[in-house]
**Q** 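Quick one: the structure is below, and I'll ask about it shortly.
Each ligand, and each atom within it, is numbered from 1 in the order the structure gives. None of these values were measured; they are calculated from a predicted model.
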Amino acid sequence: MSSSTSSTAGSGEKVLVTGGAGYVGSVVAAHLLRDGYAVTVLDDLSTGHRGAVPAGAEFVEGRIQDAAKVLDGAGFTAVLHFAASSQVGESVANPEKYWTNNVAGTLALLTAMRAAGVGRLVFSSTAAVYGEPATVPITEDLPQAPTNPYGATKLAIDHTIGSYCAAYGLAATSLRYFNVAGAFGEFGERHDPESHLIPLVLRAAAGLRENVAVFGTDYPTPDGTCIRDYIHVADLAEAHLLALRHSTAGEHLICNLGNGEGFSVRQVIDTVRRVTGREVPVVEADRRAGDPAVLVASSERARKRLGWQPTRTDLDGIVADAWRFFVQAHGVEEQS
Ligand SMILES: NC(=O)c1ccc[n+]([C@@H]2O[C@H](COP(=O)([O-])OP(=O)(O)OC[C@H]3O[C@@H](n4cnc5c(N)ncnc54)[C@H](O)[C@@H]3O)[C@@H](O)[C@H]2O)c1
Ligand SMILES: O=c1ccn([C@@H]2O[C@H](COP(=O)(O)OP(=O)(O)O[C@H]3O[C@H](CO)[C@H](O)[C@H](O)[C@H]3O)[C@@H](O)[C@H]2O)c(=O)[nH]1
């Protein structure tokens with residue numbers, strides 16, 4: 001197997017990155033360019049930022065629902081599909097948005113891919129498809145029972161992709177991310193509103209919010225708070241490059257991506273205090289609806305099938321990278 005870090009791996013191959021103005025998509029687009037792919041980003045900027053599209057990528061402002069306009073006759077060989085609505089709480093309040101944007105949008109993309117003869121796909125799935133798992137670490141064959149519409153839409157898309165692989169020979173990989181964190185160079189997390197724990201704790205550390213709320217202190221975990229598996233966004237990006245190169249016509253490979261180690265909400269907050277050297281005011285709050293107590297991945301399949309080897313597994317390092325990006329993006333002054 002040749003290395004994903006080879007500068008000629010992509011050899012100018014044309015790939016479409018949907019959602020490439022977003023957090024994960026921009027980091028993967030930067031990695032694809034590094035590896036010699038010709039990258040086009042399709043993004044409607046609904047939650048993304050034009051400035052996050054890496055230099056060197058072509059940018060098309062538009063929706064995945066209109067992907068045919070971009071794909072037809074343009075010589076793309078693969079699509080990396082990140083574009084989605086992905087706020088769990090919003091999906092509970094407004095499921096129509098999620099079924100329409102995620103499921104109907106992906107169907108339009110798949111139809112456009114078939115029409116244009118684009119036979120490879122890497123899709124951003126999620127640990128949210130498992131709901132409250134019966135056992136951890138979570139393997140891909142555990143029952144899938146999402147506890148919110150967001151996870152349900154991602155599971156529906158996984159099923160759709162599977163049937164396209166079986167019937168039409170699509171070569172696809174669904175990567176089920178656990179909790180993505182960290183930053184890569186000038187690319188990092190800038191959601192508005194932000195719902196993810198690490199950037200919210202960083203905001204509190206920077207004094208840009210009064211405090212961070214700990215959602216639930218009575219979970220059946222050692223310190224009573226939820227446990228999650230945090231994966232560095234650059235390790236995640238490497239998995240996408242491997243998936244792109246290891247795909248097989250007619251096969252739908254599904255891989256969990258996490259580090260296999262869980263950290264509680266309180267441990268994350270303590271890590272931010274240690275890494276930033278700043279105070280983080282905390283308030284205890286009720287549980288957030290639909291939050292499983294413990295989500296930790298088994299990524300054995302990704303290691304075996306893709307040869308994936310995460311190298312940035314240390315939580316201090318992940319938080320340090322996120323903080324570096326945060327300081328730069330928000331103009332936070334370093335304390336002496
Ligand atoms: N961040 C995580 O922790 C995490 C975990 C599991 C799965 N995921 C999945 O990974 C993907 C990327 O997540 P992210 O955190 O980078 O999100 P993000 O919101 O930063 O990026 C999504 C991008 O898709 C674009 N977009 C949304 N709908 C679109 C449409 N119809 N047409 C074109 N562009 C559209 C947005 O403008 C945005 O730039 C999503 O599919 C998400 O569900 C993320
Ligand atoms: O202000 C906050 C925000 C979060 N949390 C807690 O921190 C943990 C992590 O929460 P995030 O919102 O950062 O991440 P989630 O685990 O809820 O969800 C993320 O991971 C999921 C899979 O694990 C899905 O992929 C989803 O898309 C992605 O956002 C949870 O226990 C949550 O309750 C707090 O205590 N306070």
**Q** Please determine if Arg287 forms a cation-pi arrangement with Tyr219, meaning its NZ or CZ atom is less than 6.0 Å from the six-membered ring centre and no more than 45° off the ring axis.
**A** yes

**Q** Considering only the protein, which heavy-atom contact is closest to atom 5 (C) of ligand 1, and what is its distance?
**A** Phe178 O, 3.6 Å

**Q** Looking at Glu238 and Arg34, is there a salt bridge between them, counting it only when a charged N and a carboxylate O are closer than 4.0 Å?
**A** yes

**Q** Looking only at protein heavy atoms, which one is nearest to atom 35 (C) of ligand 1, and what is the separation?
**A** Asp44 OD1, 3.2 Å

**Q** Has Lys154 got any heavy atom lying under 4.0 angstrom from an atom of ligand 1?
**A** yes

**Q** Is it true that Val282 and Val201 fall in one hydrophobic cluster, defined by side-chain heavy atoms closer than 4.5 Å?
**A** yes

**Q** Would you please indicate yes or no on a ring centroid separation below 6.0 angstrom for His240 and Phe123?
**A** no

**Q** Whether Glu58 and Lys14 form a salt bridge (side-chain N of Lys/Arg under 4.0 Å from carboxylate O of Asp/Glu) is what I want to check.
**A**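 Here Lys14 does not pair with Glu58 in a salt bridge, since their nearest N and O are not under 4.0 Å apart.
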
**Q** Regarding atom 23 (C) of ligand 1: of the candidates Ser46, Ser26, Gly19, which has the closest heavy atom?
**A**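 Looking at heavy atoms only, Gly19 sits closest to atom 23 (C) of ligand 1.
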
**Q** Taking the basic N atoms (NZ, or NE/NH1/NH2) and the acidic carboxylate oxygens, is any pair closer than 4.0 Å for Arg63 and Asp66?
**A** no

**Q** Counting non-hydrogen protein atoms only, what is the nearest one to atom 11 (C) of ligand 1? Give residue, atom name and distance.
**A**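 Sorting protein heavy atoms by distance from atom 11 (C) of ligand 1 puts Phe82 O, 3.3 Å first.
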
**Q** Judged by non-hydrogen atoms, does Ser85 sit under 4.0 Å from ligand 1?
**A** no

**Q** Heavy-atom distances under 4.0 Å are what count here, so tell me which part of Glu189 touches ligand 1: side chain, backbone, both or neither.
**A**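 The answer is neither; Glu189 stays 4.0 Å or more away.
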
**Q** Please report which non-hydrogen protein atom sits nearest to atom 44 (C) of ligand 1, along with the residue it belongs to and the distance in Å to one decimal place.
**A**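 Among all protein heavy atoms, the one nearest atom 44 (C) of ligand 1 is Tyr177 CD1, 3.8 Å.
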
**Q** Using a strict cut-off of less than 4.0 Å between a Lys/Arg side-chain nitrogen and an Asp/Glu carboxylate oxygen, indicate whether Arg176 and Asp158 qualify as a salt bridge.
**A** yes

**Q** Heavy atom under 4.0 Å from ligand 1: found in Tyr150's side chain, backbone, both, or neither?
**A**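 Side chain only.
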
**Q** How far is atom 38 (C) of ligand 1 from the closest protein heavy atom, and which atom is that?
**A**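 Checking every protein heavy atom, the shortest distance to atom 38 (C) of ligand 1 gives Thr47 OG1, 3.1 Å.
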
**Q** Taking the six-membered ring for Trp and the single ring otherwise, decide whether the centroids of His31 and Tyr37 are under 6.0 Å apart.
**A**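 Not under 6.0 Å, so no.
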
**Q** For atom 16 (O) of ligand 1, grab the closest protein heavy atom and report residue, atom and distance to one decimal in Å.
**A** Val24 N, 2.8 Å

**Q** When you measure from the centre of the six-membered ring of Tyr168, is the NZ or CZ of Arg114 under 6.0 Å away and within 45° of the axis?
**A** yes

**Q** Would you say the side chains of Glu189 and His191 form a donor-acceptor pair under 3.5 Å?
**A** yes

**Q** What protein heavy atom sits nearest atom 21 (O) of ligand 1, and how far off is it?
**A** Gly22 CA, 3.4 Å

**Q** Near Gln65, which atoms of ligand 1 are under 4.0 Å from a heavy atom of that residue?
**A** 31 (N)

**Q** Using a 4.0 Å heavy-atom threshold (strictly under), name the region of Thr18 that reaches ligand 1: side chain, backbone, both or neither.
**A** neither

**Q** Anything under 30° is parallel, anything over 60° is perpendicular, the rest tilted; go ahead and classify Tyr150 against Tyr98.
**A** perpendicular

**Q** Asp235 side chain to Thr311 main-chain N or O, any donor-acceptor pair under 3.5 Å?
**A**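 Yes: the side chain of Asp235 pairs with the backbone of Thr311.
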
**Q** Would you call Glu284 and Arg266 a salt bridge, taking side-chain N to carboxylate O under 4.0 Å as the test?
**A**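 A salt bridge links Glu284 with Arg266.
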
**Q** Quick one: does Gly105 get a heavy atom under 4.0 Å from ligand 1?
**A** no

**Q** Show the atoms of ligand 1 that are less than 4.0 angstrom away from any heavy atom in Gly48.
**A** 36 (C), 37 (O), 38 (C), 39 (O)

**Q** Within less than 4.0 angstrom of ligand 1, does Arg190 place any heavy atom?
**A**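 No; Arg190 lies far enough from ligand 1 that no heavy-atom distance drops under 4.0 Å.
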
**Q** If the contact criterion is a heavy-atom separation under 4.0 Å, does Gly62 count as touching ligand 1?
**A** yes

**Q** How long is the straight-line distance from CZ of Phe59 back to CG of Leu45, given to the nearest 0.5 Å?
**A**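 Here the rounded value is 4.0 Å.
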
**Q** Can a side-chain donor-acceptor contact be found between Ser124 and His81 if the only test is distance below 3.5 angstrom?
**A**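 No, Ser124 and His81 have no side-chain donor paired with an acceptor closer than 3.5 Å.
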
**Q** Please classify the Arg176 to ligand 1 contact at 4.0 Å (heavy-atom distances, strictly less than): side chain, backbone, both or neither.
**A** neither

**Q** Side chains of His252 and Ser174: is there a donor and an acceptor less than 3.5 Å apart?
**A**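 There is such a pair between these side chains.
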
**Q** Does some non-hydrogen atom of Ser125 fall short of 4.0 Å from ligand 1?
**A**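 Per 4.0 Å heavy-atom rule, Ser125 contacts ligand 1.
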
**Q** Quick check on ligand 2: any N or O pairs to the protein under 3.5 Å? One line per pair.
**A**
from	atom 1	to	atom 2	distance (Å)
ligand 2	10 (O)	Arg288	NH2	3.4
ligand 2	12 (O)	Ser195	O	3.2
ligand 2	12 (O)	Arg288	NH1	3.3
ligand 2	12 (O)	Arg288	NH2	3.0
ligand 2	13 (O)	Leu197	N	2.8
ligand 2	14 (O)	Asn179	ND2	3.0
ligand 2	16 (O)	Asn179	ND2	2.9
ligand 2	16 (O)	Arg228	NE	2.8
ligand 2	17 (O)	Arg288	NH2	2.6
ligand 2	23 (O)	Asn179	OD1	3.1
ligand 2	25 (O)	Thr126	OG1	2.4
ligand 2	27 (O)	Tyr150	OH	3.2
ligand 2	29 (O)	His196	NE2	2.6
ligand 2	33 (O)	Asp291	OD2	2.5
ligand 2	35 (O)	Ala213	O	3.3
ligand 2	35 (O)	Phe215	N	2.9
ligand 2	36 (N)	Ala213	O	2.7

**Q** Considering only the protein, which heavy-atom contact is closest to atom 17 (O) of ligand 1, and what is its distance?
**A**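 Looking only at protein heavy atoms, the one closest to atom 17 (O) of ligand 1 is His191 NE2, 3.6 Å.
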
